[in-house]
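Each residue takes its place number in the sequence, starting with 1.
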Amino acid sequence: MTDATLEAPADLGRARRNVVILVLAQAILGAQMSVIFIIGGLAGRILSPHPCLVTLPLSMIILGSTLSARPLARFMQHRGRQAGFLLAVAAGATGAAVAAGGLWLGSFALYMAGSALTGIYMSAQGFYRFAATDMAPEDYAPRAISWVMAGGLAAAIIGPAIVRLTSDLTAVPFLATYLAVIALNVCGPFLFAFLDIPRPPAPVPGASAGRPMGQILRQPAIVVAMICGMVSYALMNLVMTSTPLAVVGCGYATSDAANVVSAHVLAMFAPSFFTGHLIARFGAPLIVGLGLTILAAAGAVGLSGIELEQFFLALVLLGLGWNFGFIGATAMLARAHSPEERGRVQGMNDFVVFGGVFLASLSSGGLMNCSGGSVQAGWSAVNLAMLPFLVLAGGSLIWLVMRPKPA
C-alpha cells in the first residue's frame, strides 16, 4: 500500500469497500467480546478470592482498552489503520492464550493479565467506526459508521453460539471457549489484508497539526459528544457486566444468561441498519437524546423485578439505548474536528469513554455482590446507579442544544 494523505479527496467507492471489510471484522473478530463478556464474570466467580472481585477481570479488559486507546490512535496516525488493527488482533490472541493459562492453572492474577491484553483488541475495535469515515464523503459518514456497527449483529449470534458449544467441552470450564477466541483472532490478518485506507505520510515541516488539545476541549460539541458517548457506553457496560451474575444468581441456567446477553447484543447492533439514516434526517443530538431516554427505561424495567422476561426486556432496551446514544455521539464527534486532529481527538475520546467504562465495570461487581444481602438487592443497586449519569449526559446535551449559536 503506497503512502498517501488521509486528507485525500473522499472516495465513495473505496469507502464502501472498506466498510465491507470493517463489517466483517466487526462480525467475526468482534464476536470475541460478546464471548468474553458472557463468561468473564462466571470465570471470575470460579477464580476470584472474594465475591466483590468477580467482575475484576472484565474491568481489566476495560482498563487495557483505556490505557491503549491514545497510544493506539497515535500509532495508527503514523503507521496506518491496517498496522494498528493487526497489532490489536495479535494482542487479542495473546490475551486469550494467557487467560486460558490462568483457567488451566487456577490463577486469578494470570487470568486478569490475559484480560488486560484483550483490552488492546477491544480498543482497536472501537476504531473500526472511525476508520469507516476516513475516505467517506461527509453525507455518507453516518451511514458508514452505522453499517460497521451493524456488523455486531452477526457477532451477537456468533459469540453466544461459541459459548454454548464450547463452555463444557473441557474439564476446566471455558478453556475451550478461549481456544475458540484465539481462532477468531487468527482470521484478522486475512481480513485486514484487503483494507484500503491510505497510510499517513511523514509530517511536512511547518504543516498545521491542528489546534492544541486544550483549545479542542473547549469546543462544546466535542465535550458534550465525549460525555454522551462515555455515559452511553459506561451504563451499558455497568448493567451488562452484572447481568450473567444476576441471571444465574436468580436460579436460571448459564444458557439463559447467554440468551439474555445475546438478545442484548442483537439489540445493540440491529438498529445500526437505520441509525445513520435517522441521524442524517433528524440530527445527532436528537438521536443521542432518544438513546439516553431508552437507557433510563432499561433501568426502570431492571428495577421492576427479576423474572426472566424482565431481564430480557431490560437488556434489549439497554442495547437500543446504547446504539442511539453511542453512534449519535460518534457522529457528533466526527463532524467537530479537522482531519489533522483526527488521531488526537479520537484517541482522547476513547480514553474518556473507556475510562468511564472501566469505572463502571469496576463498580459493577461490587454493586451486584456487595450491596444488600440478596441478588435482587444487588441488581437493584446496579440499575439505580444509572440515574446520576443519565442526568449528567442529558443535562449537557440540553445545554448544547439550547445555548445561543455563535454569530
Side-chain angles (χ1 to χ4, degrees), residues 29-68 87-125 155 159-160 162-186 237-238 240-249 254 257-258 261 354-355 357-370 378:
L29 303 176
Q32 67 187 288
M33 298 315 304
S34 58
V35 168
I36 292 169
F37 276 101
I38 290 170
I39 68 173
L42 300 174
R45 188 172 62 177
I46 296 170
L47 298 173
S48 171
H50 193 279
C52 295
L53 301 178
V54 295
T55 61
L56 187 57
L58 297 178
S59 301
M60 293 302 295
I61 296 175
I62 309 301
L63 179 62
S65 182
T66 303
L67 296 179
S68 61
L87 176 65
V89 294
T94 303
V98 173
L103 288 169
W104 179 262
L105 298 172
S107 170
F108 189 56
L110 192 60
Y111 185 71
M112 289 196 298
S115 298
L117 287 171
T118 297
I120 299 174
Y121 167 77
M122 183 179 178
S123 181
Q125 184 175 316
I162 289 173
V163 173
R164 286 191 289 268
L165 291 171
T166 62
S167 60
D168 297 320
L169 279 182
T170 54
V172 177
F174 310 122
L175 182 61
T177 309
Y178 275 99
L179 298 180
V181 169
I182 295 172
L184 290 177
N185 282 288
V186 170
N237 185 270
L238 172 75
M240 184 187 70
T241 298
S242 288
T243 296
L245 297 170
V247 172
V248 174
T254 301
V261 173
F354 289 113
V357 175
F358 168 68
L359 294 176
S361 177
L362 194 63
S363 303
S364 185
L367 288 168
M368 184 66 226
N369 291 324
C370 301

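- The closest side-chain heavy-atom distance from L29 to V89 is below 4.5 Å.
- Distance check, rounded to the nearest 0.5 Å: CE of M33 to CD1 of I61 gives 5.0 Å.
- Remark: S65 OG to I62 CD1 distance equals 6.0 Å, nearest 0.5 Å.
- Contact between V248 and A257 at its shortest, heavy atoms only, is CG2-CB, 4.2 Å.
- Between Q125 and G30, the shortest heavy-atom distance links the atoms OE1-CA, 3.2 Å.
- Between the CE atom in M240 and the OG atom in S34 there is a gap of 8.5 Å [rounded to 0.5 Å].
- Remark: Y121 engages no residue in a ring pair (Phe, Tyr, Trp, His ring centres under 6.0 Å) (not counting sequence neighbours).
- One N or O on the side chain of S115 and one on the backbone of Y111 form a donor-acceptor pair closer than 3.5 Å.
- Of the listed residues (L169, I38, I39), just one forms a side chain to side chain contact (heavy atoms under 4.5 Å, CB included) with F174, and that residue is I39.
- Panel note: side chain T118, backbone G114; a donor-acceptor pair is recorded below 3.5 Å.
- Across all non-hydrogen atoms, the minimal contact from T170 to V172 is OG1-O, 2.7 Å.
- Checked by atom type and distance alone, the side chain of S48 never pairs as donor or acceptor with a backbone atom of R45 at under 3.5 Å.
- Under the 3.5 Å distance criterion, the side-chain polar atoms of S107 are left unmatched by any main-chain donor or acceptor of G102.
- Here the shortest heavy-atom pairing between P244 and V261 reads CG-CG2, 4.1 Å.
- Here the closest heavy-atom approach between residue G119 and residue S68 is recorded as O-OG, 4.0 Å.
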Worked check of side-chain contact (heavy atoms from CB on, under 4.5 Å) between F37 and N237: CA-CA 9 Å; F37 276 101; N237 185 270; 3.5 Å; yes

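- Contact between A100 and L175 at its shortest, heavy atoms only, is O-CD1, 3.5 Å.
- Note: L47 CG to L56 CG = 11.5 Å, rounded to the nearest 0.5 Å.
- The distance from atom CD1 of I120 to atom OG1 of T94, rounded to the nearest 0.5 Å, is 8.5 Å.
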Could you go through the side-chain contact (heavy atoms from CB on, under 4.5 Å) check for L42 and I46 one step at a time? CA-CA 7 Å; L42 300 174; I46 296 170; over 6 Å; no

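- If you take CE on M60 and CG on L67, they are separated by 8.5 Å, rounding to the nearest 0.5 Å.
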